[in-house]
Structures are given as C-alpha cells and as structure tokens.
S.K.: 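Handing you this structure, nothing more for now.
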Amino acid sequence: MQSVLTALALGALYGALGIGFVIVHRLTGMVNFAMGDIAVAGAFGAVVASSVLPPLAAIGVGALTGAVVSVLMYHLAIHPLRHQSLMVQTIVTLGVGIAIRSAIQLIFGTGPRQFEPITSGSSLTILGGSIPLQSLWLVGLTVVGYLGLAFFFDRTLSGKALSAFSVNAYAAGVVGISLTVMATIAFALSGAIAGGVLAAQVPTSFITAGAGLALGLKGFIAAILGGFEKLGLTLVGGFIVALVEVLVARNVSAAQASTIVFLLLIVLLVVRPQGLTRKVAADRV
Amino acid sequence: MSDALAVSNLSFYYGRAQVLDDLSFTVAAGEIVTIIGPNGAGKSTLLNVIARSHRLRRGAVAVAGTSTSRMSQSQVVRTGCSLVPEGRQVFSTLSVADNLLLGGYTRRRDNTTKKLLREVYDLFPRLEERSHQLAGTLSGGEQQMLAVGRAYMSQPKVMLLDEPSLGLSPQMTELVMKVLKRMRDENGLTIVLVEQNARAALALADRGYLLNAGKFVLEGTAAALRGDPAVKHIYLGGASSTEQVEGPLADSLAAELAE
Ligand SMILES: Nc1ncnc2c1ncn2[C@@H]1O[C@H](COP(=O)(O)OP(=O)(O)OP(=O)(O)O)[C@@H](O)[C@H]1O
Ligand SMILES: [Mg+2]
C-alpha cells in the first residue's frame with residue numbers, strides 16, 4: 001500500500017510531464033525533449049516566488065514560468081525551423097533542453113532547493129500507508145489540470161481548433177486556424193501543467209537544476225503508454241512508470257531504479273509502441 | 001463597383017516547374033464563374049494560391065477591393081474568401097457540428113455562429129439530421145455538403161470550390177449545384193467553381209474559363225462555351241461528339257487537349 005501511495009504522487013508528476021509531451025506532439029508531430037527542463041524551470045520559478053508568496057501562489061508562478069519558457073522556446077527555436085523536418089525539430093529540442101539546464105545552473109547553482117508545503121502538518125494515513133499532504137496537493141493539481149485540459153479540448157472552440165489541426169492540418173489552415181497561434185497555445189499549456197505540477201512536488205523532496213533529463217524521459221515513457229494521444233491513458237502510464245520505479249527501489253536497489261525504468265522504455269518501444277492504446281502509433285513517435 | 005475577386009498576373013511554381021503562367025481574371029460580385037480544364041492544368045493550384053494554402057509569390061489578388069496579396073491564410077478567410085478544397089477534407093474524427101463550428105472559427109467573436117449554423121442546416125437538412133455523427137462516417141455526398149457548409153460558416157463574399165461534384169451521383173451533384181445557386185441568389189455570394197463536370201458547371205455558371213497547362217486558352221459566357229466546338233468535343237462529349245469541330249483555335253485546342 002505504501003508503494004502505491006508513493007507511486008501515486010510520483011506517477012501524477014510523470015503523467016503531467018507526459019501530458020506536456022502529448023499536447024505538443026498531437027499538434028506538431030514532434031517530441032519535445034526539453035519538456036523535463038521546462039518543468040524544472042517552472043519549479044525554480046516557484047522557488048524564487050516562494051520567498052515572497054505563499055506556497056500555492058508560488059506554484060502558480062511555477063506554472064506560469066513553465067508556460068513562458070515553453071512559449072519562448074517555440075518562438076525562438078522551433079518556429080524558425082517550421083519548414084524543416086520533424087527530426088530536425090526534435091533534435092533541436094534536445095539542444096534547447098541542455099541550454100535551459102545550463103542557464104538554471106548558472107543562475108541557481110547545482111545545489112538542491114526547496115520551499116514550504118501548502119498545508120502544514122505531516123501526512124495522511126490511508127489503509128496502512130501514509131502520504132504527505134503536499135503529495136495530495138500534487139495529485140489534486142494534476143487531476144484538476146487534466147480535467148481542465150479535457151474540458152478545453154472537448155468543449156471550447158480553441159480546444160477543438162487544436163484538435164482539428166492534429167486531425168487535418170491542411171483543412172485547419174483552410175478554415176483559417178493559424179498554426180503559429182495554435183502552437184503557442186499548445187506549448188503554453190504543456191509548459192504550464194509540467195511546471196506547475198513539478199513545482200508542487202518541490203516541498204516534499206527538493207529540486208536540482210539537473211533533474212530535467214531523467215524527469216523528461218519518465219514523462220516520455222508515460223506519453224508512449226498513452227499512445228502519444230490520450231491524456232487520461234498518459235496519466236495511467238505515469239502511474240505505471242512510478243509504480244515500477246518505487247517497487248524496484250524498495251525490493252531491488254534504489255540506485256538501479258532509474259536504470260530499470262529506462263530499460264523498460266526500450267522494451268516498451270520494441271514490444272508495444274502503441275502503449276496502452278489499441279491503435280499503432282509507432283509511426284507517429 | 002469593385003470586383004469581388006481580382007487576380008492579376010499570377011504565376012506559380014512547384015520548385016522550378018511552372019504550373020500557373022501569368023493568369024489574370026476578375027469575377028464580379030454575385031457572379032458564378034467556372035474554371036474547367038484537363039487533369040493537371042493547375043486548377044487546384046490556382047484556388048489554393050488564391051486561398052493562400054500555397055504561398056503567393058508572383059502576382060496579386062484582391063477580394064472585394066481589398067488586396068490579400070500580403071495576407072496570411074487566416075486573414076484571407078477573414079477578408080471573405082473561403083475554399084472548399086478538392087476531396088472535401090473534412091475533419092473526419094470530429095462531429096458534423098464541430099466541423100461547422102470550426103468553419104466559423106474566424107468569425108468566433110462575431111456572435112453570428114447560431115444564425116449561420118441555422119442557415120447551413122436550412123440549406124442542407126441532411127447535415128442537421130447527422131449533426132452528432134463523425135464527419136468521416138458520412139457518405140461522400142454528405143461530406144461534400146459538409147465541406148460547403150463549413151466554408152459558408154465563415155460568411156464568405158467569395159467561395160472557391162474545387163471539384164465539388166467529384167465522386168457524386170448525378171442527383172447529388174444537382175443538389176449541390178442547386179444550393180450553390182441558392183447561395184448566390186439569396187445571399188449574393190460570388191462563386192468560383194472548378195469542375196471536371198463541365199456540363200454541370202456550365203449549366204450553373206454565368207461565365208467560364210478554360211485552363212490548360214497553366215494558361216487560360218478560352219473564356220466566354222457559359223452559353224458561348226457550351227456552344228464552343230472544342231469544349232463540346234472534349235468536355236461535353238456524348239451527343240455533341242458527332243458534330244464537326246471547326247476553326248483554327250478549336251482545332252489546335254482539341255489536338256492539345258486530346259493528347
Ligand atoms: N505539391 C506539388 N508538388 C509538385 N507538383 C505538384 C504539386 N501539386 C501539384 N503539382 C503539379 O502541378 C500541376 C497542376 O496540379 P493541380 O492539382 O493544380 O491540377 P488540377 O488542374 O487541379 O488537376 P485535377 O483536375 O487532376 O485536379 C500538375 O502537373 C501536378 O502534378
Ligand atoms: Mg485539382
């Protein structure tokens with residue numbers, strides 16, 4: 001039970017990052033490997049804000065920072081390359097990730113940072129396991145983010161316009177939907193959910209400048225499990241990744257947990273590229 | 001009065017291959033003009049350049065007196081020029097209603113969506129019956145209605161249609177053509193109709209152009225084109241095929257088009 005509860009919080013984080021991957025991929029077809037570093041930028045935004053703002057507002061600032069960094073990345077690095085192949089764009093995201101990581105290290109150093117939880121008091125005990133209250137906030141925030149996004153995509157015209165672009169980009173252009181506008185929205189949303197949720201995790205552990213790469217890859221696995229398409233399944237995928245990680249850490253070796261998760265990634269790509277979905281999405285990843 | 005659509009000296013290349021060669025033409029407000037021509041003549045390319053799905057590099061386009069030459073695709077739609085693309089291109093995994101709503105995307109702040117939706121459903125009652133169905137599961141004819149309805153939702157002054165009769169039964173083709181006529185007669189819509197089905201197109205249109213290898217080789221009133229021996233010979237076929245083709249232009253044209 002304890003493993004499940006721990007995995008729940010971690011899984012929400014990976015799931016949120018995975019959703020960040022999916023939103024951008026659905027629209028543009030590319031994989032944004034800077035996702036983890038964008039989230040870390042958001043977390044550091046929250047750390048800075050926490051010195052003057054209460055924790056919940058600081059997390060809001062974290063989401064905003066993630067969104068701004070993500071949008072800047074699109075306009076400075078991806079938009080100028082929009083006529084290049086997806087492969088080129090995807091490789092560029094790796095470079096942008098490194099740039100963001102270096103910039104954060106330059107500003108904040110490599111040491112860990114933290115801020116106060118939203119609710120004081122330690123943990124909630126459920127069925128023999130315990131979960132920090134802050135982790136409940138994290139899970140709640142992820143769920144709210146997910147529901148908000150689901151509402152946005154299914155019920156609002158802008159959300160439908162984003163979906164329309166992934167269904168038929170040519171026709172979306174024909175009805176007057178602008179790719180630049182849609183991509184700006186998609187990058188903002190993906191940066192916001194990843195940055196906000198990671199910021200919510202900071203009080204329970206801590207954040208370092210170099211955390212982005214590993215986080216991003218775990219979010220990437222969650223996105224694969226979601227078929228790079230379904231937001232809900234991506235959350236489930238995040239939970240699965242986290243559960244594997246937690247169980248390995250507990251029963252085998254904490255040091256090797258990440259290695260085994262990445263081995264899982266390779267096996268997954270070979271055996272089941274469509275993730276938890278029924279459709280083969282291999283050609284899209 | 002300014003023309004609803006004015007195209008001047010428009011050329012287009014795919015890479016180095018020239019597809020459109022210095023085309024100029026105008027369409028008056030409320031006029032229906034058809035562009036007919038063989039496969040590969042450049043008809044779809046022309047409409048896509050006017051609608052700015054393709055970049056406009058050489059030449060100028062104006063919609064209702066406003067130059068759209070420097071505009072983005074969405075600005076062109078907002079200015080009042082909408083394309084009904086070849087092969088319908090509906091959003092297949094979205095519902096009929098969502099397809100229509102997205103057609104009105106550029107008018108989303110105008111508060112006219114409900115009224116326009118009502119008008120589309122009046123023009124095509126079939127779409128209202130199927131409003132919750134996924135567009136990809138509609139029949140070809142219904143998808144064509146949807147493509148026309150979607151363009152209508154942007155309140156265009158000029159509608160560009162690329163082979164709306166493609167793959168449609170004669171009855172369905174007639175239905176679509178009747179709706180086009182109704183949109184012109186009731187709303188003053190200006191229509192540019194690209195067609196393989198010259199018979200249906202010339203029956204509806206006021207004027208027509210014959211496009212071949214990126215150039216207009218013939219133009220005139222629909223009646224004149226219907227009577228033109230070359231057009232008769234190549235496009236209207238059937239009963240007219242036994243008639244004699246005469247005149248130097250007709251001869252060379254017939255030879256050129258027949259190959
Ligand atoms: N994307 C493209 N790249 C290169 N050449 C193209 C492209 N699209 C069309 N062409 C070429 O441009 C020419 C004109 O094509 P276009 O589609 O405009 O013809 P069309 O008159 O619409 O023909 P159809 O009646 O078959 O639809 C053709 O020779 C075609 O092969
Ligand atoms: Mg064509």
Side-chain angles (χ1 to χ4, degrees), chain A residues 22-23 25-29 74-75 79-85 149-186 226-233 274 277-281 283-284, chain B residues 44 47-48 50-55 68 71-95 97-111 113 134-136 143 146-156 159-162:
Chain A
V22 173
I23 293 174
H25 181 271
R26 276 212 302 216
L27 183 76
T28 62
Y74 171 70
H75 283 278
H79 186 73
L81 297 174
R82 63 193 178 283
H83 299 302
Q84 304 285 328
S85 72
L149 286 170
F151 178 84
F152 173 73
F153 281 111
D154 293 344
R155 295 289 152 83
T156 70
L157 192 62
S158 298
K160 283 173 184 169
L162 266 165
S163 308
F165 228 108
S166 36
V167 177
N168 187 333
Y170 169 75
V174 163
V175 300
I177 301 168
S178 147
L179 174 61
T180 310
V181 174
M182 289 300 119
T184 303
I185 296 175
F228 258 100
E229 166 91 35
K230 301 265 184 274
L231 301 185
L233 282 181
Q274 73 270 44
T277 64
R278 258 172 263 130
K279 196 179 70 186
V280 176
D283 58 330
R284 310 181 9 127
Chain B
S44 299
L47 294 195
N48 275 301
I50 297 172
R52 210 55 38 77
S53 286
H54 293 350
R55 275 175 72 175
T68 63
M71 289 185 181
S72 71
Q73 198 174 10
S74 55
Q75 287 171 316
V76 171
V77 176
R78 230 170 291 149
T79 308
C81 179
S82 283
L83 173 66
V84 180
E86 187 170 18
R88 315 169 199 353
Q89 304 282 347
V90 296
F91 299 113
S92 54
T93 60
L94 301 182
S95 72
D98 281 350
N99 268 268
L100 292 174
L101 291 178
L102 286 167
Y105 180 77
T106 54
R107 303 273 177 230
R108 63 192 178 282
R109 300 201 210 295
D110 294 2
N111 250 328
T113 311
L134 295 186
Q143 287 191 17
L146 181 57
V148 174
R150 186 179 66 184
Y152 187 88
M153 290 293 292
S154 68
Q155 281 189 297
M159 194 183 282
L160 314 169
L161 296 110
D162 198 346

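Proteins get letters first, then strands, A, B, ... in listed order; numbering begins at 1 in each.
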S.K.: Between the main-chain N or O of B:Thr68 and the side-chain N or O of B:Arg52, is there a donor-acceptor pair closer than 3.5 Å?
M.R.: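 Such a contact is found between B:Arg52 side chain and B:Thr68 backbone.
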
S.K.: Before giving the answer on side-chain contact (heavy atoms from CB on, under 4.5 Å), spell out for A:Thr180 and A:His75 the whole-Å C-alpha distance, their side-chain angles and the decisive distance to 0.1 Å.
M.R.: CA-CA 9 Å; A:Thr180 310; A:His75 283 278; 3.9 Å; yes

S.K.: Check each atom of B:Val76 against the heavy atoms of chain A and say whether the ones under 4.5 Å are side chain, backbone, both or neither.
M.R.: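 Neither part; nothing is under 4.5 Å.
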
S.K.: Please classify the contact of B:Leu94 with chain A as side chain, backbone, both or neither, using a heavy-atom distance under 4.5 Å.
M.R.: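 Contact with chain A involves the side chain of B:Leu94 alone.
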
S.K.: Hey, are B:Ser82 and B:Ser154 close enough side-chain-wise for a donor-acceptor pair under 3.5 Å?
M.R.: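 Yes, side-chain donor-acceptor contact under 3.5 Å.
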
S.K.: If I measure from the heavy atoms of chain A, does B:Ser92 come under 4.5 Å with its side chain, its backbone, both, or neither?
M.R.: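 Looking at B:Ser92, backbone and side chain both touch chain A.
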
S.K.: Between A:Ala161, A:Ala172, A:Ser178, A:Ala164, which shows the greatest number of heavy-atom pairs under 4.5 Å with chain B?
M.R.: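 Ranked by contacts with chain B, first place is A:Ala164.
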
S.K.: Taking A:Arg82 for its side chain and A:His79 for its backbone only, find out whether a donor-acceptor pair lies under 3.5 Å.
M.R.: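 Answer holds: yes.
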
S.K.: To the nearest 0.5 Å, what is the distance between CD (B:Gln73) and CD1 (A:Ile177)?
M.R.: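 Reported to 0.5 Å precision, the distance equals 10.0 Å.
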
S.K.: Using heavy-atom distances under 4.5 Å, tell me whether B:Ser53 contacts chain A through its side chain, its backbone, both, or neither.
M.R.: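 Contact with chain A is through the side chain of B:Ser53 alone.
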
S.K.: Name the region of B:Asn99, side chain, backbone, both or neither, that has any atom closer than 4.5 Å to a heavy atom of chain A.
M.R.: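 No part of B:Asn99 comes within 4.5 Å of chain A.
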
